[in-house]
Amino acid sequence: MSGTALALAALVSCGNRQKASRIDYPQARTENVTDNYFGTEVSDPYRWMENDTTAEVKAWVDAENKITGDYLSRIPFRDRLRQRFTALSNYEKIGVPDKKHGRYYFFKNDGLQNQSVLYVKETLDSEAKVVLDPNTLSDDGTVALSNTSFSKDGRYLAYGISRSGSDWLELFVIDLETGRQLDDHIRWAKLSGAVWSGDGFFYCAYDAPEEGKEFSNVNEYQKVYYHAIGTPQSADRLVYENKQYPKRFYYPDIDTEGRFLFISESGHNTGNRLFIRDLNTPGGEYTEITSDDRYEYIYIETIGDCLYFITNNGAPRYRIMKAKASAPQFAHWTEVVPESANVLENVTFAGDKMILTYMKDAADHAYLYTVDGQNLGEITLPSLGSVSFSGNKGDKEVFYSFSSFTQPATIYKYDMDSNTSALYLAPKTDFASDDYETRQVFYTSKDGTSIPMFIVHRKGLVPDGNTPVLLYGYGGFNISLTPSFAVSRLPFLEEGGIFALANLRGGGEYGEEWHLAGTKMNKQNVFDDFIAAAEYLIDEGYTNPDKICIMGGSNGGLLVGAVVNQRPDLFAVALPAVGVMDMLRYHRFTIGWNWASDYGTSDDSPEMFTYLHGYSPLHTIRNDGTDYPAILVTTADHDDRVVPAHSFKYTATLQAADTGDAPKLIRIDSKAGHGAGKPISKQIDEWTDTYSFAFYNLGMTVK
């Protein structure tokens, strides 16, 4: 029997991860590479893996995928789990209608289509017609639609596509009157859509990268261009750049009247600077509206001669302000809706009113307001969940999408006059949502801070201290985790498990103060919050360390890697996905420099280096015989957000260390990236592998 098969047999027979047989991992070459950080030498023996297009790296990837594939192929219920994921995914998914120029545009997926299709209806009751089907753009669904934008007159649709999950975008244009795709083609756009003005649009792009380094080299000197319809990209006009700051992002926006161009500059601090230019003035200069980039300033609408903004300057939980177009500087802004006890997430203008979405204890609440800031009352939502509104200034027709942990995205039509909602479209799934319940608890972290956590399980579940738990977290970049529906979690619930989502510091659940409490020299708070979540579930009698699986992606992958090193005794399984694992060098790849506002960098100071080095998942792996949980790392070859070298180096170090016999494996996807736009076929493949691994190492099965 092979080493892999022995490991599986041991896990099945005794359910004890410490007694699993050791796997013979591929041998990764080491080299003598060191860096000096303020007098401290740090070795980097797998530096060669950063050049991920070489034959040597490819050979290592192939060897790792083979051993992981062999391991997973021997899990007896893997095919049953795939069948269940397929059945659960096979339901009609319809997006919220977006009314543009009297027509209703919406996305729909029949069930197992790799990519959702853009449709249009002339009226709500008329037949839907296909506008754009991304499934025709590739044979395997790996070309995804990333954004769409309608011209001011409604004739053209600009759309962006991503290939194989990359952040690089290409922009194209469709004539909506004829259905014909034009010859217009923009390349090397990133983090950008089309912002229409006149007979063309503004967009952001970089110079073409070095061949062979498209997915790893640092992205610098982003520029804003104007593209006129019917002309080649080479003729596009440069409208904004700032050579003084190569590592900044620039995002254009335009007011609804088409008069003012806004440029948002970010990437240096936790907020942005904002500039404005009057397009009616030929050769007009940009005026700086805001300068303190510790805060966010977001243009949202124009009403008459007033510009409306959302900001957290002077309001950590955000407020709405306005200014005269003739005096747009922040010093002249006046308050429309003051900061509240809850976090303002979004503002939708519809008819002559505003719909404000607030987050209270990590769940959405919505309110109707006048444009002068008068609260007209709360909009009743179905339950604890997440909501997204669609409406337009001057048009009273409003739709919204609502979802929760157990309810997929359901579309409602909202009547502002009566403040009532009517069901418009509800999907039919193969999941008995009424059989499950969601509770929210508050637990105490290491420093006494109260942390919210959602707990989802089958109704009537009586905790016995032995229930499998899937614990998920993120904790960074002001990103909030609100209740959402995910097919990937459903089999875990169906097989009697508990899903727990902890709202850690570093996120935006309680505004900017909550965010900053988990950044830079406060990052340990995030790890403490997550560890305390697991301890709470144990102390309350839900589970025990042999039944906890932790999961997180990107910054959440960093979270999983860090807490495993700090408390390997607390978890049975760890699933770090596309994680930031090398905290000393993350800023040297693609757009990693943009994360410095949350993390700090190893170049900043001796203190910052020491802090990062002290929790970096790559650099704090134990090598003293301490038993680690079973770990399955996941990444992809086209991830140019968090380059796969993070996961490669982390896995090679983990496999070479003495951390017990539980499996330490990596799954490297091909023609895939950080996650956005991944076709459903690839999603099902990944869910099947990661959850088979988790179920198996938790002693679960699939009935």
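We number each residue from 1, following the sequence as shown. Side chains included, hydrogens not; waters and symmetry mates left out as well; all remaining heavy atoms used.
- Between Arg84 and Glu494 there is a salt bridge, since a side-chain N of the basic residue sits under 4.0 Å from a carboxylate O of the acidic one.
- Phe609 and Tyr37 have parallel rings, their planes meeting at less than 30° on a 0 to 90° scale where 60° marks the start of perpendicular.
- Salt bridge Lys58/Glu56: absent, no basic N to carboxylate O contact under 4.0 Å.
- A salt bridge does not link Asp167 with Lys190: none of the charged nitrogens is closer than 4.0 Å to a carboxylate oxygen.
- Under the 4.5 Å side-chain criterion, counting only non-hydrogen atoms from C-beta, Ile75 is in contact with Ser692.
- Looking at Lys649 and Asp44, a side-chain N of the basic residue comes within less than 4.0 Å of a carboxylate O on the acidic one, giving a salt bridge.
- The distance from atom CG of Leu471 to atom CE of Met551, rounded to the nearest 0.5 Å, is 10.5 Å.
- Between Ile684 atom CD1 and Leu112 atom CG the span is 5.5 Å, to the nearest 0.5 Å.
- Side chain of Gln683 to backbone of Lys678: a donor-acceptor contact under 3.5 angstrom is found.
- Residue pairs meeting the ring pair (Phe, Tyr, Trp, His ring centres under 6.0 Å) criterion with at least one partner in residues 645-681, sequence neighbours excluded, are Trp60-Phe648.
- No salt bridge links Lys66 with Asp62; every basic N to acidic carboxylate O contact stays at or beyond 4.0 Å.
- Here the straight-line distance linking atom NE2 of His613 with atom OG1 of Thr620 works out to 8.5 Å at 0.5 Å rounding.
- A salt bridge is absent between Asp598 and Lys523; no separation between the charged side-chain nitrogens and carboxylate oxygens falls under 4.0 Å.
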Applying salt bridge (Lys or Arg N to Asp or Glu O under 4.0 Å) to Asp528 and Arg567, what does each step give before you reach the verdict? CA-CA 10 Å; Asp528 290 342; Arg567 287 294 305 276; over 6 Å; no
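- Ion pairing between a basic and an acidic side chain is recognised when a charged N comes within 4.0 Å of a carboxylate O; Arg47 and Glu31 show no such pairing.
- Between Tyr71 and the options Leu632, Ile23, Asp689, a side chain to side chain contact (heavy atoms under 4.5 Å, CB included) holds for only Ile23.
- One side chain, Asp604 or Thr601, offers a donor N or O that lies under 3.5 Å from an acceptor on the other.
- For the side chain to side chain contact (heavy atoms under 4.5 Å, CB included) with Ser647, the lone residue among Val642, Ile668, Ile666 that qualifies is Ile666.
- Note that CD of Gln524 and CG of Asp529 are 9.5 Å apart. Values are rounded to the nearest 0.5 Å.
- Asn565 and Tyr628 share a donor-acceptor pair across their side chains, judged by distance under 3.5 Å alone.
- Asp669 has a carboxylate O that lies under 4.0 Å from a charged side-chain N of Lys682, or vice versa, which qualifies the two as a salt bridge.
- Taking the ring centre of Trp168 as origin, the terminal cationic atom of Arg163 falls outside the region bounded by 6.0 Å and 45° from the ring axis.
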Show your working on ring-ring contact (aromatic ring centres under 6.0 Å, His included) between Trp687 and Phe85 and close with a plain yes or no.
-> CA-CA 8 Å; Trp687 299 339; Phe85 279 129; 5.6 Å; yes
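- Crowding of Asn36 atom CG: a count of heavy atoms from other residues, nucleotides or ligands under 6.0 Å exceeding 12.
- Annotation for Pro644 and Asp52: closest pair CG-OD2, 3.5 Å, computed over non-hydrogen atoms.
- With respect to the salt-bridge test (charged N to carboxylate O, under 4.0 angstrom), the residues Arg622 and Asp627 do not qualify.
- Using a 4.0 Å cut-off between charged side-chain N and carboxylate O, Arg585 and Glu50 make a salt bridge.
- Relative orientation of the Tyr599 and Tyr586 rings is perpendicular, given thresholds of 30° and 60° on the angle between their planes.
- For the atom pair Arg641 CZ and Ser554 OG, the distance stands at 7.0 Å (nearest 0.5 Å).
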